[in-house]
Every structure is written in structure tokens, then in C-alpha cells.
Peer 1: 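The structure is given below, and queries will be raised subsequently.
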Amino acid sequence: MRLSKLPIATLRETPAEAEIASHRLMLRSGMVRRLASGLFTWMPMGWRVARIVERVTREEMERIGAHEVLMPAVHPAELWRESGRWQDYGDLLLKMRDRGEREYCFGPTHEEVVTDIARRELKSYRQLPVSFFQVQTKFRDEIRPRFGVMRSREFIMKDSYSFHLNEESLRETYGRYREAYSRVFERLGLKFRVVQADSGEIGGSKSQEFHVLADSGEDLIAWCDGDDFAANLELAPALPPEGQRAAPGAAMSEAHTPGMRTIRQVAAHLDRPPEDCLKMLLVKAEGGGVVALVLCGQHEVNELKATGLPEVAKPLQLANAQEVAQAAACPPGFLGPVGLRVKTYVDHAAAHRANFVCGANRRDKHLVDVNWGRDLAEPETADLRNAVEGDRSPGGGGTLKIARGIEVGHIFQLGDKYSRAMNAVVLDENGAERHMQMGCYGLGVTRTVAAAIEQNHDERGIIWPEAMAPFSVVLVALNMARDENVRAAAEQLHESLRSQGVEVLFDDRDASPGVKLADADLIGIPHRVVVSARGLKQGTLEYKHRRSDTAEDLGADEAVEFLQARLAP
RNA sequence: CGGGGUAUGGCGCAGUCUGGUAGCGCGUCUGCUUUGGGAGCAGAAGGUCAACGGUUCGAAUCCGUUUACCCCGACCA
């Protein structure tokens with residue numbers, strides 16, 4: 001492609017709306033343009049990248065025998081009423097009416113449609129297992145679209161659905177998808193992790209997420225290098241500490257802690273480490289009232305774990321002022337478990353502390369040298385907190401690491417949730433009707449493009465992994481408009497590379513060298529060749545990799561072989 | 001949906017408090033010069049100041065209504 005023919009300007013200044021690197025760089029490099037909140041046009045350069053992700057994904061889907069289909073983007077309401085999700089999916093579902101006042105939604109996912117297909121087409125266990133996939137535009141009416149195409153309302157997803165006679169077959173196919181997804185992200189050159197995940201609204205039992213590792217990721221994931229444990233932080237168990245709890249020491253006493261409502265203030269004032277200072281949260285209980293949760297000062301409550309307790313209301317909500325006042329005669333900063341008559345759960349780590357500090361349930365007072373079993377009853381323990389770096393791995397192979405990730409894929413074993421709701425059955429070998437087992441598997445195509453940029457960029461621009469780059473080589477011809485030698489050499493190299501099948505972006509614009517070099521860095525093509533009058537005088541071209549700090553000269557006549565050697569897969 | 005904010009040429013912004021008929025940088029176009037890290041000079045095009053209504057001799061500016069967008073919270077590929 002000749003840049004002189006691509007009428008898309010790169011932006012020197014960043015539009016004010018862009019908060020994160022990928023959004024900024026995609027706008028500046030002209031990969032996408034915004035139409036409205038959460039709606040983006042994919043411009044030529046960006047679309048090439050999206051299509052690479054699509055292509056690699058398709059190839060891996062076909063490799064495991066999935067059949068590509070294309071289902072409608074618009075779905076009739078009846079189908080979604082049948083599954084119960086016309087209501088359950090909530091406002092994320094974009095609903096609309098046609099001229100006959102019939103109700104439809106724009107599909108945010110396709111379990112209903114594919115299950116309808118399956119119940120019509122699949123009649124016998126002999127047809128199973130089978131899986132279908134599509135690459136298609138989805139619409140989710142997100143409350144707050146943000147981060148450009150990372151969380152847009154309209155986006156492209158590759159979604160697959162598998163059908164099985166039994167759970168064993170489902171598990172086997174699920175495993176194949178996990179491997180296929182891993183191959184997709186490996187081939188794209190992304191650093192990623194597969195982690196255990198919560199199934200959320202889609203339902204079903206087991207699910208795993210694929211996260212591209214990036215510091216700007218919205219999710220936290222935990223894993224252990226010494227075993228195969230890996231989970232979304234919301235699911236990662238925080239194991240009880242090992243060993244015996246220390247013996248009680250000095251007798252419990254009261255300390256004056258005026259106005260100190262945070263763990264940090266209390267710990268500093270009493271000269272105790274934060275882990276010795278237990279904090280207590282009052283949260284709303286199912287059916288009214290409150291439940292108390294006690295954790296070590298440095299730990300964070302885990303919402304999924306907390307709401308898993310029978311008494312705790314979903315979603316997790318802190319008690320309001322009235323509820324706190326009802327439970328204790330002090331402000332929230334001075335709450336503690338001693339003498340409190342509220343259902344109380346204590347995190348394993350907090351239950352392991354001896355001689356700890358906690359609120360006294362009196363304004364401006366804390367208790368010091370408190371001990372379970374001495375100053376108050378032995379606690380009812382539970383896992384309430386987020387795991388932290390260095391915690392013991394549930395897999396037993398060492399300690400946990402924590403990193404940020406961007407969720408680009410999610411695979412589920414759905415079981416019979418949809419096949420039951422929509423009565424999708426086949427006859428088994430005994431001629432009996434059986435609800436099919438289902439799996440579903442999503443991969444965010446457009447989000448993967450943004451995630452790749454989050455993981456691979458520097459202050460100058462994007463650094464595409466080789467496999468995702470919209471072009472392999474950028475050919476920068478300096479002062480081509482006024483130097484016939486440069487023009488001839490550049491045109492010739494462009495033609496040679498093209499004839500060898502190399503995807504080359506030819507910067508033949510009549511622009512200053514600074515502009516061209518800056519744009520080459522911004523767009524992020526891995527291999528750069530500069531043709532200049534200066535070099536040609538010595539019969540050389542200049543080569544530089546986007547990740548390298550230094551350029552090297554190469555003979556003008558060996559450029560094609562040189563590049564081919566570098567581009568070899 | 002709750003809270004906060006913004007809306008002025010393609011992009012980034014000033015002007016609004018204190019009303020007087022719109023300006024800067026980047027980009028675009030023309031010409032000359034320059035040419036290895038976002039060039040210089042000269043000239044030019046481009047704005048119903050988000051929309052509607054009101055106050056006023058006069059509104060980007062004051063008042064009211066509406067809309068769009070952004071940021072912070074709960075969701076997801």
C-alpha cells in the first residue's frame with residue numbers, strides 16, 4: 001500500500017477523550033475513528049489488523065473441526081423470552097421494534113439462536129458432538145463504554161457453541177477449545193494466561209478466561225509458576241496461614257485513637273504493622289440487618305467470596321449509617337468484633353492473628369492485644385479476601401503471583417441450561433430423549449487488537465507483534481519527490497518485495513523525513529527500511545527493527561534477501 | 001442509573017466571570033525556500049460558538065430547556 005494514496009491523517013495531538021495507550025495510539029495512527037459513544041469505524045490500517053486476528057482465529061477453529069456459520073445480528077424477542085434472558089440480561093440488551101411493533105433485540109451473544117438451530121437440526125446422538133462458530137458484530141448496551149474499542153458497545157466477537165450427548169464429550173471439546181484459543185494467542189505473539197473464572201450471567205459450571213497481560217488491564221489474575229494454578233483473582237482461594245497461632249501475650253487493653261478511622265492511621269499511631277490491625281466491615285444481610293466481616297488490615301474483601309456466604313446480600317453492599325448505628329454505638333472506623341452481637345465471619349488470616357488490634361466499638365477507641373478464644377470467642381472462619389502476591393498457591397507448588405490482564409477470551413461449559421430452557425433434545429442410543437450438553441466459547445476480535453497495543457507500545461507508538469502487524473515492512477523513502485535516485489531505488493525495492501509476497505507499506509509521501517520516521521514509529525510496523533540519498537551514495541539502505549534502538553546499513557542489492565530472512569516464520 | 005465535568009473551524013485549546021459581532025497552535029490549500037526525527041517565510045480556505053427558547057439596541061458570553069460527549073461507581077469478549 002502506498003501511503004500517498006491512503007487519505008488518513010495521523011494525529012500529532014491526541015483527542016481529549018482517549019485515556020489509555022491503545023485508544024490514544026489507535027486514534028493517532030488512524031486505525032479507528034469514533035462515530036458515537038462506544039461505536040467505532042475501523043479504518044483501513046486498523047481493519048487489516050482485526051482481519052489478521054479473525055483469520056488466525058478461523059484457522060484454529062477449523063483445525064478443531066468447528067463449522068463456520070453466520071447467524072442474524074437481530075433476534076426475535078420470543079427466543080429470548082424462552083430462555084428467560086429477555087429479562088435477565090437486563091439493560092445490556094438493546095431492544096427494538098419493527099413497523100409491526102414486533103419486538104427484537106440486537107444480539108449480544110447467540111446462545112438462544114444457536115440452540116434454536118440445534119433443536120431443529122440435531123435429532124440424533126449420532127450427529128454429536130458438533131460445534132458451530134461465527135465471526136460477527138455484537139451489540140451490548142454497556143452502561144459506560146470506555147477505552148476505545150476495548151469496551152465498545154458494538155464489537156466483533158468470534159463465538160462458538162458446541163453440542164454434546166453427555167458431559168464427558170463436553171469436557172473433551174472444551175479442552176480442545178482451550179488448546180485452540182491458546183494457539184490463537186500464541187500465534188498472534190501475545191503474552192497471555194488462562195485462568196479459572198466465574199461464569200457470571202451466562203451460566204453453567206466451569207469456565208476459564210484468557211487474559212492478555214498488560215499493566216493497564218482491568219482484571220487481576222493470580223497464578224503460580226510452580227504448579228498449574230491460575231485463576232481470576234475474584235476466584236483465587238486465599239489459603240489459611242500455616243502453623244499454630246501465636247500464644248496470647250499481654251492482657252487486652254484499650255487505646256485512645258482520636259479520629260483514627262483507617263488502618264493506616266491506627267497502625268502508625270500504635271506502632272503496629274497493618275496486618276496486626278484487624279478491620280471489620282458491616283455489610284447488608286439477606287433479608288435485612290447486617291453481617292460483620294473481619295480481615296487483616298492489609299487485605300481486601302473479595303466480593304464474590306463474601307456474597308457466597310449464606311447470610312450476605314447480593315450484590316455486596318456496605319451497611320448504611322442507620323444500620324451501623326443499630327449494630328454498634330460508634331462510627332464505622334472504630335468497629336470491632338469484641339462484644340458485637342452480629343453474625344460475624346472472620347477471614348482465615350485474621351483468625352490466625354494473636355495479640356491484635358481492633359476497633360473497640362466506641363468512638364476514638366481501639367483495643368490492643370486482643371486474642372481469639374481469650375477476649376472473645378473462637379471465630380467462625382471463612383475465606384473472605386483477595387489473595388495477594390506471595391500467598392501460598394492452592395496448587396501446592398509455591399507462592400502466588402498477581403498481574404493485570406485484559407480478558408480477550410472466555411470459554412464455558414454451559415451444561416443443559418439452554419437446552420432445557422428451550423427444549424433442545426436428541427435421541428440417545430436407546431431411543432430416549434436427552435437434553436444436549438452445551439459449551440460456548442467467546443473470543444473478542446476487536447478487543448484483542450487493543451489488548452495487543454496495550455501490551456506492546458512505547459512512547460513513540462505501537463509495536464506490533466510480527467504476526468499482527470498490518471504490514472511486515474515499512475519502506476520509508478526520504479526526499480523521494482526531489483531525488484530521482486531515491487525514487488527509483490524505492491520503487492524498485494517496493495516492487496521486488498511485493499513480488500515476493502511481502503506485505504509492505506510504502507511511504508512515498510512528499511513529506512519531511514521527520515514526519516515519515518515519526519509516523520513509521522507511530523504505526524508500529526516491525527521492520528523498517530529507509531531509502532535515502534545519503535545511503536545510496538554508498539550503495540546502502542538502512543534497516544531497523546521497531547523494537548531495536550539501533551539501525552544497520554545493508555547493501556542496496558541484498559535488501560530483499562535480508563528482509564526475507566528476517567520475515568521467515 | 002447515581003455523582004462530577006465538557007460542548008467554540010478536521011484535532012488541541014483561549015475567549016464566557018465583566019455582553020459590543022470570534023482568536024491561537026497543529027492540520028489543510030497555494031507559492032518560494034528547506035530536507036535523516038513531526039522545517040521556514042508569505043498568502044488562503046474553513047466556524048449558524050451543540051440545539052431550541054428567552055433577556056437585550058446588541059449574546060459564544062446572561063437566563064431557561066434539551067441533546068451529545070467525557071470522567072468516577074456496578075458488567076463483560
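Just so it is clear, the model here is predicted, and its values are computed rather than measured.
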Peer 1: Between the side-chain atoms of A/Glu13 and the base atoms of B/rG27, is any donor-acceptor pair under 3.5 Å?
Peer 2: no
Peer 1: Side chain of A/Glu542 only, please: which of B/rG36, B/rG37, B/rC75 is the nearest?
Peer 2: B/rG36
Peer 1: In the structure shown, which nucleotide is the Watson-Crick or G-U wobble counterpart of B/rC75, with both distances under 3.5 Å?
Peer 2: none
Peer 1: Considering only the C1' atoms, how many Å lie between B/rU56 and B/rA68, rounded to the nearest integer?
Peer 2: 29 Å
Peer 1: Rounded off to whole Å, could you give me the NZ-to-C1' distance for the A/Lys138 and B/rC75 pair?
Peer 2: 18 Å
Peer 1: Answer yes or no on whether A/Arg48 is positioned over the face of A/Phe471, meaning its NZ or CZ is under 6.0 Å from the six-membered ring centre and within 45° of the axis.
Peer 2: yes
Peer 1: Does B/rU35 have a Watson-Crick or wobble partner in any strand here, with both distances under 3.5 angstrom, and which is it?
Peer 2: none
Peer 1: How about CZ on A/Arg51, more than 12 heavy atoms from neighbouring residues, nucleotides or ligands closer than 6.0 Å, or not?
Peer 2: no
Peer 1: With both distances under 3.5 angstrom, what nucleotide forms a Watson-Crick or G-U wobble pair with B/rU61?
Peer 2: none
Peer 1: How far does the C1' atom of B/rU16 sit from the matching atom of B/rG23, given to the nearest Å?
Peer 2: 14 Å
Peer 1: Looking at the base of B/rC75, is there any donor atom on it, or on the side chain of A/Arg151, that sits under 3.5 Å from an acceptor on the other one?
Peer 2: yes
Peer 1: What's the closest nucleotide to the side chain of A/Arg144 if the choices are B/rG38, B/rC70, B/rA74?
Peer 2: B/rA74
Peer 1: For residues A/Gln208 and A/Lys206, is any side-chain donor paired with an opposing acceptor at under 3.5 Å?
Peer 2: no
Peer 1: B/rG15 and B/rU8: how far apart are their C1' atoms, nearest whole angstrom?
Peer 2: 9 Å
Peer 1: Roughly how many Å apart are B/rU65 and B/rG73, using the C1' atom of each and rounding to a whole number?
Peer 2: 28 Å
Peer 1: Which base sits across from B/rU6 as a Watson-Crick or G-U pair, both distances under 3.5 Å?
Peer 2: B/rA68
Peer 1: Between B/rA50 and B/rC69, how many Å separate the two C1' atoms, rounded to a whole number?
Peer 2: 10 Å
Peer 1: Parallel, tilted or perpendicular: which fits the ring planes of A/Phe412 and A/His410, with parallel below 30° and perpendicular above 60°?
Peer 2: parallel
Peer 1: For the C1' atoms, the ones on B/rG12 and on B/rU28, what distance do you get once it is rounded to whole angstrom?
Peer 2: 16 Å
Peer 1: Which value, rounded to the nearest 0.5 Å, describes the distance between A/Leu35 atom CG and A/Phe40 atom CZ?
Peer 2: 9.5 Å
Peer 1: Starting the side chain at C-beta, find the nucleotide from B/rC69, B/rA77, B/rG73 nearest to A/Ile143.
Peer 2: B/rG73
Peer 1: Can you label the angle between the A/His75 ring and the A/His110 ring as parallel, tilted or perpendicular, going by 30° and 60°?
Peer 2: perpendicular
Peer 1: With hydrogens left out and only the distance checked, is there a donor-acceptor pair under 3.5 Å joining A/Arg12's side chain and the base of B/rG10?
Peer 2: no
Peer 1: Measure distances between side-chain N and O atoms of A/Arg447 and base N and O atoms of B/rC76, and say whether any donor-acceptor pair falls under 3.5 Å.
Peer 2: yes
Peer 1: Is there a Watson-Crick or G-U wobble partner for B/rU55 with both distances under 3.5 Å, and if so, which one is it?
Peer 2: none
Peer 1: Looking only at side-chain atoms of A/Leu92, point me to the closest of B/rG37, B/rC75, B/rA77.
Peer 2: B/rC75
Peer 1: Distance check, P atoms only: B/rU6 and B/rC13, in whole angstrom units.
Peer 2: 13 Å
Peer 1: Name the closest nucleotide to the A/Asp519 side chain, picking from B/rG12, B/rA77, B/rG38.
Peer 2: B/rG38
Peer 1: Starting from the 5' end of RNA chain B, give me the residue, A/Arg28 or A/Ala36, whose nearest nucleotide shows up first.
Peer 2: A/Arg28
Peer 1: In the strands shown, is B/rC24 matched to any nucleotide by a Watson-Crick or G-U wobble pair with both distances under 3.5 Å, and which?
Peer 2: B/rG12
Peer 1: Choose from B/rC69, B/rC1, B/rC76 the nucleotide whose nearest atom is closest to any side-chain atom of A/Ser37.
Peer 2: B/rC69
Peer 1: Give me each pair satisfying salt bridge (Lys or Arg N to Asp or Glu O under 4.0 Å) with a member in residues 11-28 of chain A, each pair once, sequence neighbours excluded.
Peer 2: A/Glu17-A/Arg34
Peer 1: Once rounded to the nearest 0.5 Å, what's the spacing between atom CZ of A/Arg566 and atom OH of A/Tyr543?
Peer 2: 4.5 Å
Peer 1: For atom P, what is the distance between B/rU21 and B/rG2, given to the nearest Å?
Peer 2: 42 Å
Peer 1: With hydrogens left out and only the distance checked, is there a donor-acceptor pair under 3.5 Å joining A/Arg146's side chain and the base of B/rG73?
Peer 2: no
Peer 1: Pairing check on B/rA42: which nucleotide meets the Watson-Crick or G-U wobble criteria with it, both distances under 3.5 Å?
Peer 2: B/rU30
Peer 1: Residues of residues 477-490 of chain A with any non-hydrogen atom less than 4.0 angstrom from an atom of RNA chain B: list those, numerically ordered, please.
Peer 2: A/Leu478, A/Asn479, A/Arg482
Peer 1: How long is the span from the OG atom in A/Ser162 to the CG atom in A/Leu170, to the nearest 0.5 Å?
Peer 2: 5.5 Å
Peer 1: Within the structure, does a side-chain N or O atom of A/Ser512 lie under 4.0 Å from either OP1 or OP2 of B/rA39?
Peer 2: yes
